[in-house]
Amino acid sequence: MAEETKSGHVRFVGALAGTGSGLTKVAVGHGFDTVKIRIQCSPPGTYRGAIDCLIQTIRNESIFALYKGATPPAVGWAAIDSVLLGSLHNYRLFLIRHEFTEPVPGADTRRLTLAGHGLAGLCAGLTSALLATPMEVLKVKLQLQLQRSAGDRQFKGPIDCARQVVHSQGVSGLWTGFAGSLAFRSNFFWMFMSFEALMRGFSQLQGTQYEISTPAANFLSGGLASLGFWCMGIPADNIKNRMMASAHTSARPSFIATARDIHAVGGVRGYYRGLAPSLLRAFPSNAAALWVYEGLMRAFGAEETRH
């Protein structure tokens, strides 16, 4: 293990690389996210599926409606991924320093275990929820405005939305759905454990006719790992978004009450509304985001946390 991983200093290189990852996610995936949010939070029967939602949105509001609410994530996802991936790097280094490691087969060195990568992802996900929740509250409320004309919308933009929420519920209103955000973001355990497992799998192809470059492996591993993340996380995502979509002039709903309401209306299937657009968005946006992140980490000369 390199000596630099033994230092107890906080590393900021992951935060810098995470900023690039967050901006990439917005550019690639926000349109899919708008469709997902509308399917999850609209009354049952409003849309027949993801394609119908996409068609209705473009027909009634124009194609630019797919990027409603893009300002908060453009700023927010850069900051959220900076916290998520910056803390991920530091949690990995922390676990390595505390010997959460295993021998590398065929080499005289050690590496972080798969469970260690999962634990680092879990801690990073929970850490990022503090910043992600208010950003997502604004994004969800703006995405659910169906009016074509900006003058007819309740919220004129993210700042006006934040102002109205704070006026009605206080500053804590921006953290509506925080419990749901914690539940959803705990699934980064699966995301980063799967990412590492896939990277190790691709490394076994070295020296064969199927060998691929490290950036290509980053791209494929990020995309494939995100599919598992969303399959595990979509129930909590539904609960979180319903909580955030609640009227800011009414009482804030609890996690348990929202989960019960979803089940009462749609049964178990209700927790999986929006899964199709989530999976369609997951691969390209996360593949591109982690390709950017890992590439920047190599360019910045960050400490090795994987082998």
Side-chain angles (χ1 to χ4, degrees), residues 14 18 21-22 25-26 28-29 32-33 36-37 39-41 73 76-77 80-92 95 112-137 139-140 175 177-199 218 220-244 255-256 258-259 262-263 268-290 293:
S21 168
K25 280 183 181 177
V26 176
V28 176
F32 291 102
D33 188 64
K36 180 198 68 153
I37 291 293
I39 290 175
Q40 288 179 333
C41 300
W77 276 112
I80 292 166
D81 267 25
S82 178
V83 173
L84 173 70
L85 297 173
S87 63
L88 174 72
H89 185 59
N90 281 282
Y91 285 130
R92 284 171 170 172
L95 292 171
L112 186 62
T113 64
L114 285 178
H117 282 280
L119 181 58
L122 169 65
C123 294
L126 297 179
T127 301
S128 68
L130 289 167
L131 182 60
T133 302
M135 298 294 182
E136 291 191 327
V137 165
K139 176 179 71 70
V140 167
W175 274 266
F178 183 60
S181 189
L182 288 174
F184 171 66
R185 289 183 165 269
S186 68
N187 289 285
F188 279 110
F189 176 93
W190 308 109
M191 174 76 173
F192 290 108
M193 184 170 68
S194 299
F195 179 79
E196 175 63 15
L198 288 162
M199 285 297 298
N218 293 153
L220 292 173
S221 296
L224 292 171
S226 71
L227 299 180
F229 169 84
W230 276 103
C231 287
M232 297 295 293
I234 192 69
D237 186 59
N238 264 288
I239 297 169
K240 167 182 70 72
N241 288 335
R242 294 288 187 90
M243 294 172 74
M244 293 176 174
F255 183 90
I256 298 299
T258 304
I262 292 174
H263 189 271
V268 174
R269 292 183 63 183
Y271 296 117
Y272 290 86
R273 290 181 71 181
L275 180 59
S278 295
L279 294 178
L280 288 172
R281 178 192 65 163
F283 190 98
S285 61
N286 286 281
L290 282 169
Y293 170 74

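Values below: every heavy atom of this structure, side chains too, minus hydrogens, waters and symmetry copies.
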Verdict with reasoning, Ile239 to Tyr271, per side chain to side chain contact (heavy atoms under 4.5 Å, CB included):
CA-CA 8 Å; Ile239 297 169; Tyr271 296 117; 4.2 Å; yes
For Arg273, the side chain to side chain donor-acceptor pair (under 3.5 Å) test, sequence neighbours excluded, returns none
Reported OG-to-CZ distance for the pair Ser194 and Phe189, which is rounded to 0.5 angstrom
9.0 Å
Can you measure from CZ (Phe283) to CG (Leu224) and round to the nearest 0.5 angstrom?
5.0 Å
Measure the spacing between CE of Met243 and SG of Cys41 and express it to the nearest 0.5 Å.
12.0 Å
For Trp190, I'd like to know if atom CH2 has over 12 heavy atoms of other residues, nucleotides or ligands within 6.0 Å.
no
Are Ser87 and Thr127 linked by a side-chain donor-acceptor pair shorter than 3.5 Å?
no
Which pair of non-hydrogen atoms, one from Gly177 and one from Met244, has the smallest distance, and what is that distance?
O-CE, 4.3 Å
Close side-chain approach of Pro235 and Ile262, heavy atoms under 4.5 Å:
no
To the nearest 0.5 Å, what is the distance between CG (Leu95) and NE2 (His117)?
9.5 Å
State the CZ-NZ distance between Arg185 and Lys240, to the nearest 0.5 angstrom.
7.5 Å
The reported gap from CH2 in Trp175 to OG1 in Thr133 (rounded to nearest 0.5 angstrom) is 8.0 Å
Please name the pair of heavy atoms, one in Leu114 and one in Met193, separated by the smallest distance, quoted to 0.1 Å.
O-CG, 3.4 Å
Hey, mind stepping through Leu279 and Cys231 against side chain to side chain contact (heavy atoms under 4.5 Å, CB included) and telling me if it holds?
CA-CA 8 Å; Leu279 294 178; Cys231 287; 4.2 Å; yes
Measure across Leu85 and Gly18 and return the closest heavy-atom pair with its distance rounded to 0.1 Å.
CD1-CA, 3.8 Å
Report the C-alpha distance between Asn218 and Leu290 in whole Å, list the side-chain angles of each, state the deciding distance to 0.1 Å, and finish with yes or no for side chain to side chain contact (heavy atoms under 4.5 Å, CB included).
CA-CA 6 Å; Asn218 293 153; Leu290 282 169; 5.7 Å; no
Return the orientation label for the Phe195 and Phe192 ring planes: parallel under 30°, perpendicular over 60°, tilted otherwise.
perpendicular
Quick one: closest heavy-atom pair of Ile80 and Leu131, and the distance?
N-CD2, 3.9 Å
Would you say Met191 and Leu122 make side-chain contact, with heavy atoms under 4.5 Å?
no
Ignoring hydrogens, what is the shortest heavy-atom contact between Phe188 and Gly121? Give both atom names and the distance.
CB-O, 3.3 Å
Check the angle between the aromatic planes of Phe229 and Phe184 and answer parallel, tilted or perpendicular using the 30° and 60° thresholds.
perpendicular
Does a side-chain heavy-atom distance below 4.5 Å link Leu220 with Leu198?
no
Please examine the side chains of Pro277 and Ile39, heavy atoms only from C-beta on, and report whether any two atoms are closer than 4.5 Å.
yes
Is Trp230 close to Arg281 at the side-chain level, that is, under 4.5 Å between some pair of heavy atoms?
yes
Exercise: identify the closest heavy-atom pair between Ser226 and Ala282
OG-O, 3.1 Å
For Asp237 and Gln40, which I'm curious about, is there any donor-acceptor pair between the side chains at under 3.5 Å?
yes
